[in-house]
Structure formats: C-alpha cells, structure tokens
Number of protein chains: 2
Amino acid sequence: MSIRVTVATVIFTIRDRALHVLLVKRGVPPFQDEWAIPGGFTKENESLDESALRELREETGVKDVYLEQLYSFGDLRRDPRGRVVTVAYFALISQDRATLEPGTDAVEAQWYPMNDLPQLAFDHGDILSYALVRLRNKLEYTTVGFQLLPSRFTLPELQLVYEAILGRNLDKRNFRRKIESLGILRPLNAWSKESQRRPARLYNFAAAKFEKLKDKGILFPF
Amino acid sequence: MSIRVTVATVIFTIRDRALHVLLVKRGVPPFQDEWAIPGGFTKENESLDESALRELREETGVKDVYLEQLYSFGDLRRDPRGRVVTVAYFALISQDRATLEPGTDAVEAQWYPMNDLPQLAFDHGDILSYALVRLRNKLEYTTVGFQLLPSRFTLPELQLVYEAILGRNLDKRNFRRKIESLGILRPLNAWSKESQRRPARLYNFAAAKFEKLKDKGILFPF
DNA sequence: CCAAAAGTGTTAGGAGTACACCCATGG
DNA sequence: CCATGGGTGTACTCCTAACACTTTTGG
C-alpha cells in the first residue's frame, strides 16, 4: 500500500529579458545524462514542502525562494522503475538570488531559456508545461511577478517580467497606470543607473498594502 | 522511502437551494464514528484519479462525476497512524445523479449542508475549506457551475447554483444577460413545470461553443 | 546634438452595476 | 383576480485599450 513519493520543483527566473527554468542533468539511470526538473524522494521526517526546498538546495544550491505546490502526478507508467507519485512545485526567484552555488550537488544544474529547452526525462515536459500555464494565470490575479525581481526595481523592469512571462508586449502607459493604481509600490528617492540612458526610478514592493486588496479578485488584467 | 498515499474527494452538490457536501462516517479507528471526506488508500495498479473515483463509488455509490485534483496534503502529523500523504480531489455532481446507492460501503454516507457541518476527522476540515475556495474561484472563470445541474435546466436554476456557492444574491437581469452573452446555452422548445407558477424555459449547455471562448480569460465575473 | 529609454494624458468603447415594471400561470 | 416567480431595457460608471509626444541622459 506504500508508494514511492518524489517532489519536483519547476523554478523560474528572468535572465537576459527572458523566462528561464532551472534543470539538472541526471547522473544515474533511468534517463542518465538527460535533463530533469530538480527533485527527489521525500524523506520520512519532512513535509512535502520541506522536501521540495531541501532537494532544491542540495541539487542546485538555490534557496530563499517563493514556493507553491503545483499538482501531483500519479499515472502508473510515468517512471520506468515502477509506481512513483510526484508532487510538483513551482518556485520563483530573482536573478540576484539565483546564482548556483558550487560545492553542492549542483555540478550539472543549468538555467535554460523556456524557448530553447532540451529533451526532458520522465514526464517532466508535461510538468513544465503545466507550471508555465499556472505561472501565467497567477500573474494575472496575484503579485507573484514581484518574486522575480530584487527588492528594489524599476517599472520598466517590472513590465519586462510581465512581458517575458506572457510572451507579448504591453502598453507602457497602461501598465504603469494599472500598477500605480494598486498602491502597492513605494517610490524610493533613488534611480537605477542600469541603462546607459535616462535613469529609471526605483520602487519597493509594499506587500502590507496589498493584503487589503487580495479578495477583490483579479488584480492584473493584462 | 515509501509512503502511504491516500486520496480524498470533496464532492459537492446543490440540494434544497443550498450547497451540500458528501461525508462518510468512519467505521474504524482512528476517529471512529466521526465524519470524514470519502477516500482511502491508493492501490498499486491504479492512478490517483482512478483511486479517487473508485473510493467514491465504493464508499458512497456515487459515480459519473466531474473530478478535478485539488491539492496534496503532506504534513507530518496529520494522521495519528504515522506519515500519510493525501491527494485531495474536488468533485461536482447534479442532484439527479447524486443518489446514494444502497448495497455499497455507503451505509453511513450522508449529504451535509455546508453551513451545518459536523466535526471532521483528521485535517479534513482544512481540506474542505480549501475545496470551497477553489470551487468559488473556478465558478468565476470556468463553466463548472453547469456540472451541478441536470442536462436540461432553467436560468433561474442556474442562478441558484451561483448564489448558493457564492453565498450572495445576484441581479437576475445582469445574470441572464451575462450568461446569454456567452452563447453557450441552447434554448429548448420546452418549459419546466417545477415551479407552480409561470413555467421557465429549459436550456442545454452547449459545451462545444464554449471551447472557443476558453482562453479569453475570466468568463463569470460575479 | 543625436540616440535611446523614461515618463506622461486623453479618448472611445465595452463591461459591470443598479434599478422597476410587465407577463404567464395556478389556485 | 391575485399571488408568485419568469422575463425584459436603460442609464451611469468604471475599466480597458489604443495612441504620440516630451524629458533626461550618455556619448
């Protein structure tokens, strides 16, 4: 009656103006040397969430992420070794926290752009597709987008996040008006010098303000 | 490394103008004689979805339902017998298909109104709360509401489903205009005689038409 | 002074919401 | 003819979407 249970975490970040996902190269069969979503077997004394975070840390060195359960995959033939149930998670991290640490199991962890993915092991292609759908949906009615940015960011950067995930361009004026109308950004007396042109104002995400808006429904109707 | 995996299915219906959920009385410890969400251990040779359907049939006689995976619960102390992961589902059925069959394990299955629930075993109260949130959300951007009605239904009946789930009254004129604008109903040359007053027109849910609208986002912004 | 990105306002159309009366039926 | 629930139209507001020019900076 017992079943082997694994977790797998689809972790996204924005790099080079594009959505990327973190993959690991498998060192053992089955699917040896193929790319897979980081994860592994759940231990006796840890919850599913804890497993997901531990595996992510061990295999890629990544920690301090936004984590959310995605879906559980339990078809009979998804693992050639036999019956395995995988609880999939999706996670978001900002570029500045997304560095892979050497000295972990992360010898073969690598960020891949979503539009140039390798063949994936198991049914991980399905899991990844599902994670992308979920991310796009959540972007429209939550503030998960901010998880992909450092604590201080500019409005053009925020817009880039939305455009990279949704895969289409947004009107700059409408985007700014919408975000500002939510009242969840605190403007700082600081300007980014990242672009070599006119500096853009920096903002904070004022999460506390947002809590009051939560149950009003859709927040980002792009 | 193996873990006991159960499924549990929160199944809703509309009865007496109110949202009801199907519960079963436990016959064995732990939580003997307390009420629980129907479910049980997954078998080796069935997928998670299949387990959910089988347990529902065995314990309550209910079949032919709309079924959707909800969330997996994996905290360490949620079952006094030890580590158990539960994959929760939520299901919808119309009143006319929702009769409990005798001769099954359903000796102690019973529909409870959501506003008058008994104490629940395990963390099933949490699971039920989560299912209700999900149902309310899905009602707004999908057509799951139709799953709670027989194949032929009137607009007042449909409105009742929405009101029972959302817990508030909706404007009759706006509701009808909205539903009709979606073009997913086929009016029939038949009228319901359920009410003892003026008969209401019967409609079909024209699912095919709906497929084209799916990716346009929110459909039921009540 | 030129190129490039930041930043700003207005308008038209569609959707949501609020609201009141007539119609068909059974008793 | 009356009580009950079925059925319809209109006006206002707000949100969305489309659209172009000015400002700031580095080179």
Side-chain angles (χ1 to χ4, degrees), chain A residues 14 16-17 139-141 149 152-164 166-204 213 215-222, chain B residues 14 16-18 136-137 139-141 145 149 152-164 166-204 213 215-222:
Chain A
I14 302 281
D16 309 329
R17 321 187 121 240
L139 203 64
E140 293 183 354
Y141 62 94
L149 290 172
R152 289 148 49 100
F153 54 87
T154 67
L155 285 176
E157 284 167 351
L158 182 62
Q159 184 174 347
L160 189 68
V161 167
Y162 277 80
E163 291 178 335
L166 297 177
R168 63 197 160 89
N169 294 330
L170 301 172
D171 182 276
K172 181 168 47 164
R173 291 159 287 193
N174 294 337
F175 180 84
R176 300 169 77 95
R177 186 175 20 247
K178 183 68 192 168
I179 296 291
E180 282 162 11
S181 77
L182 295 173
I184 54 176
L185 292 191
R186 185 188 309 117
L188 305 175
N189 273 327
W191 281 260
S192 165
K193 299 285 292 181
E194 293 298 311
S195 92
Q196 298 313 87
R197 303 301 169 184
R198 176 175 176 181
R201 178 154 212 160
L202 288 164
Y203 292 83
N204 260 343
L213 299 173
D215 52 352
K216 290 194 180 172
I218 301 300
L219 293 177
F220 295 92
F222 297 120
Chain B
I14 303 281
D16 307 330
R17 323 187 119 240
R136 283 183 172 154
N137 288 337
L139 203 62
E140 294 183 354
Y141 61 94
L149 290 172
R152 290 148 49 101
F153 54 88
T154 67
L155 284 175
E157 284 167 350
L158 183 61
Q159 183 173 348
L160 188 68
V161 167
Y162 277 79
E163 291 178 333
L166 297 176
R168 63 196 161 88
N169 294 329
L170 301 172
D171 183 276
K172 181 171 44 166
R173 290 159 288 194
N174 294 337
F175 180 83
R176 298 170 77 94
R177 189 180 9 252
K178 183 65 192 171
I179 296 292
E180 282 162 10
S181 78
L182 294 174
I184 55 178
L185 292 192
R186 184 187 310 117
L188 305 175
N189 273 326
W191 280 260
S192 165
K193 300 285 293 179
E194 293 298 312
S195 91
Q196 299 313 86
R197 304 302 169 182
R198 176 176 176 181
R201 178 155 211 157
L202 287 165
Y203 291 83
N204 260 344
L213 300 172
D215 53 352
K216 290 195 178 170
I218 302 298
L219 292 178
F220 295 94
F222 297 120

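A quick note: this is a predicted structure, and the numbers were derived from the prediction, not measured. Residue numbers start from 1 in every chain, and the chains themselves are labelled A, B, ... in the order their sequence lines are given, proteins ahead of strands.
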- Query: Roughly, in whole Å, what's the span from CG in B:Asn174 to C1' in D:dC12?
  - Reply: 13 Å
- Whole angstrom value for the distance that separates P of C:dT17 from CZ of B:Arg173: 14 Å
- Message: On a heavy-atom basis, which atom in B:Arg17 and which in B:Ala164 lie closest, and how many Å separate them?
- Response: O-CB, 3.9 Å
- Item | Between C1' of D:dT16 and CZ of A:Phe175, the distance in whole Å | 15 Å
- In terms of side-chain heavy atoms of B:Ala200, which of D:dG6, D:dA17, C:dC19 is nearest? D:dG6
- B:Asp171 CG to D:dA11 P, in whole Å, measures 16 Å
- Protein-nucleotide distance (B:Leu170, atom CG; C:dC19, atom C1'), rounded to Å: 15 Å
- Task: Take atom CG of A:Leu182 and atom C1' of D:dC15, then tell me their distance rounded to the nearest Å.
- Result: 13 Å
- Message: Assuming nearest nucleotide by heavy-atom distance, tell me which of A:Lys193 and B:Thr154 is located more 5' along DNA chain D.
- Response: B:Thr154
- What's the closest nucleotide to the A:Gln196 side chain, out of D:dG27, D:dG9, C:dA6? D:dG27
- Message: Return the OG1 to CG distance between B:Thr154 and B:Leu160, rounded to the nearest 0.5 Å.
- Response: 9.0 Å
- Taken to the nearest 0.5 Å, the spacing of B:Leu185 CG from B:Asn204 CG works out to 8.5 Å
- Establish, with yes or no, whether the OP1 or OP2 oxygen of C:dT17 is under 4.0 angstrom from a side-chain nitrogen or oxygen of B:Lys178. no
- Considering only heavy atoms and no angle criterion, is a donor-acceptor pair shorter than 3.5 Å present between the side chain of A:Lys172 and the base of C:dG7? yes
- Task: Return the set of residues passing side chain to side chain donor-acceptor pair (under 3.5 Å) with A:Arg152 (not counting sequence neighbours), or none when no residue passes.
- Result: none
- Nearest-nucleotide pick for B:Pro156, side chain only, options being C:dC19, D:dG6, C:dT8: D:dG6
- Message: Considering every strand and a 4.0 Å limit on heavy-atom distances, what is the contact class for B:Arg177: base, sugar-phosphate, or nothing?
- Response: base
- Item | Gap between atoms CZ and P, on A:Arg201 and D:dT24 respectively (whole Å) | 14 Å
- Rounded to whole Å, CG of B:Leu158 lies from P of D:dG6 at a distance of 13 Å
- Item | Polar side-chain contact A:Arg198-C:dT8 base: donor and acceptor under 3.5 Å | no
- Query: Does the side chain of B:Glu180 reach to within under 4.5 Å of the side chain of B:Tyr203, using non-hydrogen atoms?
  - Reply: yes
- Item | Polar pair under 3.5 Å, donor/acceptor by atom type, side chain A:Arg197, base C:dA4 | no
- Tell me what A:Arg176 touches on the nucleic acid: a base, only sugar-phosphate, or nothing, going by heavy atoms under 4.0 Å. base
